[in-house]
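The structure appears right after this line, and notes come after that.
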Amino acid sequence: MLRNKTIEVEAEKKGFEPYTRLIDHHLNGTGKLDVVGAAVFLVPAIGIMGAGAWDLDQTELQVQLFPEHNEHR
């Protein structure tokens, strides 16, 4: 997955409520150094446009699905 975009995780199983989660991203240390270098040395910060300058806010995810609530009365 690309780390420079927010990703959406979905889990579905018949008989259970669907699960959806958005995982955002942030500029990592390498990206921050690239920004500082661009500001100090007036060079383009091309590195921050690539996925390598970014990290996902969460890299592991545990999902618990809950049974659907059937309201047939």
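- Separation of atoms OG1 (T6) and CG (D24) is listed at 3.5 Å; rounding is to 0.5 Å.
- Residue pairs satisfying the side-chain hydrogen bond (donor to acceptor under 3.5 Å, both in side chains) criterion with at least one member in residues 10-21, sequence neighbours excluded, are listed as follows: R21-Q58.
- One finds the CD1 atom of I7 at 8.5 Å from the CG atom of L61 (value rounded to the nearest 0.5 Å).
- Nearest heavy atoms, V63 versus A11: CG1-CB, 4.2 Å.
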